[in-house]
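Lettering of chains follows the sequences in order, A, B, ..., and the numbering in each one begins at 1. No experiment lies behind these values; they were computed from the predicted model shown.
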Number of protein chains: 2
Amino acid sequence: MHSWFNNPACLINYCSPEWVEIIQQRSITHLYPKGQYVFMEGSLVMGAYFILKGKVKVISSDQTGKEQTVRLANEEHMLGHTAIGLEKYSVGAITLEDSIICFIENNILYEAFMANPKFTFEVMLFYSRELRKSELRTKCLALMNNEEKVILGLLYIADTYNQEKTKNQVEIILSRQEIAQIIGTNADQVSRVLSSLKKDYLIETRERTIVIKNINHLRSMLNKYPFATGC
Amino acid sequence: MHSWFNNPACLINYCSPEWVEIIQQRSITHLYPKGQYVFMEGSLVMGAYFILKGKVKVISSDQTGKEQTVRLANEEHMLGHTAIGLEKYSVGAITLEDSIICFIENNILYEAFMANPKFTFEVMLFYSRELRKSELRTKCLALMNNEEKVILGLLYIADTYNQEKTKNQVEIILSRQEIAQIIGTNADQVSRVLSSLKKDYLIETRERTIVIKNINHLRSMLNKYPFATGC
DNA sequence: CGTGCTTTTGAATAGTATCAAGGCCGGTGG
DNA sequence: CCACCGGCCTTGATACTATTCAAAAGCACG
């Protein structure tokens, strides 16, 4: 198996070696600086994006401009894919740090799908995982109170963006408002809950960086919701 | 293209005629009476289900037994698919009316995927649509107040289960509690909102059947959320 | 004609969102 | 070097919304 731009987790690696070659030649890879749009809500769908390196948030805004983050994406993800078969993107994507992202046009992607059943199958599995996560998230947000939501959000961020999954201590660099948009509340509420967690010595805040001291203890605070694992 | 058990919308029809034949021979089709489990949360994953006829709700319950409906499924849907690659179902499925459902074992399904790229592709598109809908739902439920959520729920039910999409009047047979579980609140709140809508002559209730008199007017009440269409 | 379930509605309670003021920090320019 | 500015964070007070509980009415069923 080829390793696409040194990212073995990239789904494109499920294509045959010849097709990996074809896609490498016929795709466009860009460096997107932190905070930049990869694609915007409402713009025309031309293809799909594969994250080779970096972190991205998938957002959706209402008329008043209020943003809701519907998903966090890392190196194992593809983007813009929920729009396949649609004319316009129903969501937008913004980088959370400098990211290298590969763009593939729809017709090339379609040819690759038809020629590589395993690739298509793995993309389908990726979808199914994301759908399950999304459904569980919907359920969690419906049942939880604010404190529980914030904890869920911290765990979600840590799970998506923490390299060393076994560590009990994790740093989070998102702002209060970005966290609020993930869990569907506002920055004030997040701040309150974080203050409360600080009093219990479960987290520390150092210059806007949130340090989770004991991630396992946070997890145990949600064990009323056994399904929350993997949201 | 073959028509699988007189359901042209069934995704299996994207397989080659030979494979439709193979699947028909090697799958199991059952009639599930109303209110019966198709599969239960936590049970072992053996394969996937295709709805040939009927309506199903996909649910997920917490420790206290409180149920949350994560998705409504009709004749165009497959079920149990979000569990592909997992050991146990993260959700359960219950019929909302008498339904004919076809079960296909994992290994046969996998063979079919490898042999029929178009089938795999269409299943992938199905996933992508459901994921987009799920993400939009998450966003809606995060931003809306109770009245708006109830309206969204009514429209969601109407869109999923109403045959004649062009009609302005739709009947809904679900109970208050079932509606509440779809939008993440309780039966009391649904009842309040329905009473309020009745006062405005937007709906009628006849023996527990909710009759939407003017679905377009209900839609317009959510046009603060343009993305709500297709939740 | 009861019995049990769902629906409806009011009142009390709990929880959440909003607003506003002040603090902290980094960056900019005098 | 210091004063100022703007952004983000924190926290209290307040208003609002949603949840819960309870009671009564309506309907379905045997």
[X] [atom1] - [N] [atom2] separation (whole Å):
X        : N      : atom1 : atom2 : value
B:Leu174 : C:dC5  : CG    : P     : 20 Å
A:Met144 : C:dT16 : CE    : P     : 13 Å
B:Asn145 : C:dT18 : CG    : P     : 11 Å
B:Gln189 : C:dT8  : CD    : C1'   : 12 Å
B:Ile210 : C:dT6  : CD1   : P     : 15 Å

(message) Under 4.0 Å from OP1 or OP2 of C:dA17: is there any side-chain N or O of A:Thr185 that close?
(response) yes
Side-chain N or O of A:Asn146 closer than 4.0 Å to phosphate OP1/OP2 of C:dA17
yes
- request: Mind checking A:Lys198 for me? I need base, sugar-phosphate or nothing, with any heavy atom below 4.0 Å counting as a touch.
  value: sugar-phosphate
Look at all strands and tell whether A:Asn186 reaches a base, only sugar-phosphate, or nothing, counting heavy atoms closer than 4.0 Å.
-> base
Report the distance from atom [atom1] of [X] to atom [atom2] of [Y], rounding to the nearest 0.5 Å.
X        : Y        : atom1 : atom2 : result
B:Asn214 : B:Ser220 : CG    : OG    : 7.5 Å
A:Met144 : A:Ile183 : CE    : CD1   : 10.0 Å
B:Ile212 : B:Leu218 : CD1   : CG    : 5.5 Å
B:Leu96  : B:Glu178 : CG    : CD    : 6.0 Å
B:Thr29  : B:Leu52  : OG1   : CG    : 5.5 Å
A:Lys139 : A:Leu136 : NZ    : CG    : 6.5 Å

Can you tabulate the close N/O pairs, meaning under 3.5 Å, that link protein atoms to atoms of nucleotides 20-26 of chain C?
none

Any idea how B:Tyr89 and B:Phe39 line up, ring-wise: parallel (<30°), tilted (30 to 60°), or perpendicular (>60°)?
parallel
Parallel, tilted or perpendicular, judged at 30° and 60°: which one describes the rings of B:Tyr127 and A:Tyr127? parallel
Its 5'-most and 3'-most nucleotides having an atom under 4.0 Å from a non-hydrogen atom of chain A, DNA chain D is contacted over D:dG7 to D:dA13
When A:Ser196 and A:Ala142 are each assigned the nearest nucleotide of DNA chain D, the 5'-most assignment goes to A:Ser196
Rounded to 10°, the helix from C:dC1-D:dG30 to C:dG30-D:dC1 deviates from straight, judged by its five-pair end axes, by 30°
Which of C:dT7, C:dC19, C:dG10 is nearest the side chain of B:Ser191? It is C:dT7
When B:Arg192 and A:Lys149 are each assigned the nearest nucleotide of DNA chain C, the 5'-most assignment goes to B:Arg192
Taken in chain and number order and not counting sequence neighbours, the residues that satisfy ring pair (Phe, Tyr, Trp, His ring centres under 6.0 Å) with A:Tyr32 are A:His30
Residues at least two apart in sequence or cross-chain that pass ring pair (Phe, Tyr, Trp, His ring centres under 6.0 Å) with A:Tyr156, listed by chain then number, are none
Considering only distance and modelled atom types, tabulate donor-acceptor pairs under 3.5 Å from the side chains of residues 194-205 of chain B, sequence neighbours left out.
residue: B:Ser195; atom: OG; partner: B:Ser191; partner atom: O; Å: 3.0
residue: B:Lys198; atom: NZ; partner: B:Thr205; partner atom: OG1; Å: 3.1

| Salt bridge between A:Glu135 and A:Arg132, side-chain N to carboxylate O under 4.0 Å? | no
